[in-house]
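In what follows, a structure is listed as structure tokens, so that the remarks can point back to it.
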Amino acid sequence: MTMPTTDVKIDELSNEVASTKQLVVQKFGGSSVSDAEGIKRVAQRVVDAQKAGNEVVVVVSAMGDTTDELLDLAAQVTDSAPAREMDMLLSAGERISMALLAMAINKFGASAQSFTGSQAGMITDGIHGKARIIDVDPHRIRTALDKGHIAIVAGFQGMSRTTHEITTLGRGGSDTTAVALAAALEADVCEIYTDVDGIYTADPRVVSTAQKIDRISSEEMLELAASGAKILHLRCVEYARRFGVPLHVRSSFSQKEGTWVIPGAEEKFTIEEGVALEQPIISGVAHDRSEAKVTVVGVPDIPGKAAAIFQVIADAHSNIDMIVQNVSTHGTGRTDISFTLPIVEGADALTALRAAEGKIGFESIEYNENVGKLSLIGAGMRSHPGVSATFFKALSDAGINIDMISTSEIRISVVTSADALDDAVRAIHAAFELDGDSEATVYGGTGR
Ligand code: ASP
Ligand code: MG
């Protein structure tokens, strides 16, 4: 039986419509919406995206340094803010920008509605300050889009299904909100708008000649984010990789094409003719000042002691990064174990360790916040000998003393003193010939 021709035509037509209409999730960071001007500029951009025929969902961060200012304010009121109230306070920052952006968009003649994280269906666990997203139910967002609205969602926040409390996702968490929504709505792309033109070979605030990267694999981006590159939230990259969401990191201040973070880019690159050959060995240098170094001195060198120490730290909900154990001091049967953890988790971890001092039997604890971590990242390192030699020679030529070293297949990290960190980053960036000819543009933000 032949199909009536009209049906076929309608079918083709709807296919065409379906393929041109894209669902775009756009996330704007704090520096893009730092004042009324910024909010209007972003509103115009969002309206343009809708006019171009897209369905648009926008995720916003708090304006400028609002989150830091709220933290400062809380610290002036108390040194022991209940975690629940801290989340109530911090989640307010994003509510301000979402409402103002919706107003600006409506003023430009398009229609927008703003939603808090819980209204947008961001369901998290109940851990205040670093909640994890466990489910996303964006039916209200879907309905808003179906009615032709632009949906604005407050980033960085959600609600626990068990405690019914408002939670926040941890600093920089709006990126993760955006990707989680993009995945749940099956968006075609998640655009992360920031104050630089994309992901650079180093932080352009430290290395002015850093170069923009056009494409990066999510594997390398994960290492960069885990190593302290603040351009993308670590969990956002993990989430994007897991759900296959293409990420486009770009500036809200320019129209330039930014950096594409491509899930499974390695496979794609190798089948694309010639591209694999051009893959650089090194993708970039990341640095991090947010960690402290803890040394547990005089730990009895017998089985079970490291396990006991790290159990105590885990019970204090601390995220350990680098770990180094020295050979035991001759004849004493004791050793030192050092590790790094986020400064914000330092106090709790120390309290927990001290409480276990008698049980574990170590001699003392040293704690140092005046350290920095530098990491060199590149998938090409796997197959290229000599990378470590170049790396350590560059640090030695620059007169930089190394505290700790750790490596993975595609990363070398060292801990130095905080003061030496910027020089170390510039030395490594230059040694691997990552310096470009022109200066990177930083459009806004205080880098705070
Ligand atoms: N406003 C929050 C912060 O400053 C979340 C974000 O910007 O992504 O960390
Ligand atoms: Mg951010």
Side-chain angles (χ1 to χ4, degrees), residues 25-35 38-39 42 57-75 81 83 85-101 114-118 120 122 124 127-133 136 152-159 166-182 190-196 199 203 205 221 224-226 228-240 247 249-252 261 288-290 319 342-345 443-448:
V25 174
Q26 302 187 318
K27 180 260 171 179
F28 293 90
S31 53
S32 298
V33 291
S34 63
D35 54 16
I39 285 172
V42 165
V57 176
V58 180
V59 173
V60 278
S61 291
M63 295 172 68
D65 288 334
T66 300
T67 308
D68 289 293
E69 286 156 16
L70 292 172
L71 283 167
D72 291 350
L73 205 53
E85 302 311 325
M86 202 53 132
D87 276 354
M88 292 303 255
L89 178 70
L90 296 187
S91 58
E94 271 69 14
R95 292 184 66 152
I96 295 172
S97 33
M98 76 178 193
L100 290 170
L101 183 59
S114 66
F115 299 89
T116 64
S118 66
M122 308 298 303
T124 70
I127 306 198
H128 288 292
K130 50 178 167 185
R132 289 195 158 256
I133 296 169
V136 183
I152 320 276
V153 177
F156 170 63
Q157 54 181 270
M159 191 177 82
I166 299 297
T167 55
T168 62
L169 308 181
R171 298 306 307 272
S174 299
D175 295 345
T176 301
T177 304
V179 171
L181 269 174
C190 182
E191 298 181 329
I192 307 280
Y193 285 89
T194 182
D195 50 19
V196 289
I199 294 159
D203 184 344
R205 289 186 170 85
M221 191 58 231
L224 279 171
K230 287 204 280 298
I231 183 101
L232 282 179
H233 197 227
L234 174 62
R235 271 153 52 202
C236 136
V237 187
E238 284 170 350
Y239 214 106
L247 287 177
V249 181
R250 57 193 308 191
S251 170
S252 71
V261 183
D288 190 357
R289 290 178 195 286
S290 67
N319 288 303
I343 289 177
V344 288
E345 294 170 2
Y443 297 94
T446 59
R448 189 172 167 181

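Note that ligands are numbered from 1 as they come in the structure, with each ligand's atoms numbered from 1 the same way. All residue numbers in this chain count up from 1 along the given sequence.
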T67: partners by side chain to side chain donor-acceptor pair (under 3.5 Å), with sequence neighbours left out | none
Compute the shortest N/O to N/O distance between F156 and ligand 1 and return yes if it is under 3.5 Å, no if not.
-> no
Distance-only N or O hit between ligand 1 and D175, under 3.5 Å = no
Going by the atom numbers of ligand 1, which of them fall below 4.0 Å from some non-hydrogen atom of [X]?
X: S174; value: 5 (C), 6 (C), 8 (O)
X: G172; value: 3 (C), 5 (C), 6 (C), 8 (O), 9 (O)
X: R171; value: 3 (C), 4 (O), 9 (O)

Give a yes or no on whether a salt bridge exists between [X] and [Y], defined as a side-chain N under 4.0 angstrom from a carboxylate O.
X: D68; Y: R171; value: yes
X: R250; Y: E191; value: yes
X: R205; Y: D195; value: yes

With a 4.0 Å cut-off on heavy atoms, does G173 reach ligand 1?
-> yes
Select one of side chain, backbone, both or neither to describe which atoms of H233 lie under 4.0 Å from any atom of ligand 1, heavy atoms only.
-> neither
Go through the structure and list residues passing ring-ring contact (aromatic ring centres under 6.0 Å, His included) with Y239, not counting sequence neighbours.
-> F243
Option whose closest heavy atom lies nearest to atom 7 (O) of ligand 1, chosen from A178, C236, S61 | S61
To the nearest 0.5 Å, what is the distance between CE (M63) and CD1 (I96)?
-> 7.5 Å
